[in-house]
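Everything below concerns the one structure shown next.
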Amino acid sequence: MLSAQERAQVAQVWDLIAGHEAAFGAELLLRLFTVYPSTKTYFPHLGSCADKAQLLSHGRRMLEAVGVAVQHLDNLRAALRPLADLHAQVLRVDPSNFPVVLASHLQDEFTVEMQAAWDKFLTGVAVVLTEKYR
C-alpha cells in the first residue's frame, strides 16, 4: 500500500498531530457538520448544540483511532476491524461520510509529499472501514 518513504511521511504527519487529538478532532467534527449537515444524525449523543467538552472528547476518540491505524500500517484490517464493525453493523454510518481534514493546522509543515502520502493512507483507512458494507 505505502512505500517506505510514504510510511515515513505518514509517521511524520502523525507526529505533528499527536498531542492535539482532542482539539484537531473537535474541529474536524465541526467542519464535518458544516460541510455534511446530515452527518449530525450519526452523533445523537452530541445533541443539536454539542458543548465543547463533548466535541473534544469525541474528536479525541476519532483521532486516536487514526493513531492506531498509523501504528498498524502493515495490518490495517486487523487494527480497524472493531471500528469497521461498529460503523457498518451498529451505527450504520454512510461510508461516504469519512472525510478527514487536518492540513489547516499543519500549514507549512505539511508538504505536498506528506499530503500525498497522508491521502493515500487515509484512502486505505476508508477502504478498511467500508469493507463491511459490501
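Note that the structure is a prediction, hence the values are computed from the model and not measured. Worth knowing before you read on, the calculation uses all heavy atoms, side chains too, and leaves out hydrogens, waters and symmetry mates.
- Residue Arg61 qualifies as enclosed at atom CZ: its count of foreign heavy atoms under 6.0 Å is above 12.
- Gln115 contributes atom CD, which lies 10.5 Å from atom CG of Leu122 (distance to the nearest 0.5 angstrom).
- We find the CD-OG1 distance between Glu27 and Thr34 to be 10.0 Å, quoted to the nearest 0.5 Å.
- Residues passing the ring pair (Phe, Tyr, Trp, His ring centres under 6.0 Å) test with His72: none are found, sequence neighbours excluded.
- Here the closest heavy-atom approach between residue Gly25 and residue Leu63 is recorded as N-CD1, 3.5 Å.
- Note that CD of Gln9 is 7.0 Å distant from CD of Gln12, once rounded to the nearest 0.5 Å.
- For the pair Phe24/Val66, no side-chain contact is recorded, criterion being any heavy-atom separation below 4.5 Å from C-beta on.
- No continuous path of hydrophobic side-chain contacts links Val127 to Val68 [ILVMFWY only; heavy atoms under 4.5 Å].
- In this structure, Phe121 and Trp118 have tilted ring planes: the angle between them lies in the 30° to 60° band.
- Taking hydrophobic clusters as Ile, Leu, Val, Met, Phe, Trp and Tyr residues chained together by side-chain heavy-atom distances below 4.5 Å, Leu56 does not share a cluster with Leu28.
- Taking the side chain as every heavy atom from C-beta outward, Met114 and Leu16 approach each other to under 4.5 Å.
- The CZ atom of Arg60 sits 9.0 Å away from the CD atom of Glu21 when rounded to the nearest 0.5 Å.
- At a threshold of 4.5 Å between non-hydrogen side-chain atoms, the residues Leu80 and Val125 count as touching.
- Across Met62, Lys40, Gln54, a single residue satisfies side-chain contact (heavy atoms from CB on, under 4.5 Å) together with Leu29, and that is Met62.
- Taking NZ from Lys52 and CG from Leu30, the interatomic distance works out to 10.5 Å, rounded to the nearest 0.5 Å.
- Between Arg7 and Ser3, the side chains place no donor N or O within less than 3.5 Å of an acceptor N or O (distance only, hydrogens not considered).
- Across Ala65 and Leu83, no two heavy atoms sit closer than the pair CB-CD2, 3.7 Å.
- Nearest heavy-atom pair across Val70 and Leu73 is O-CG, 3.3 Å.
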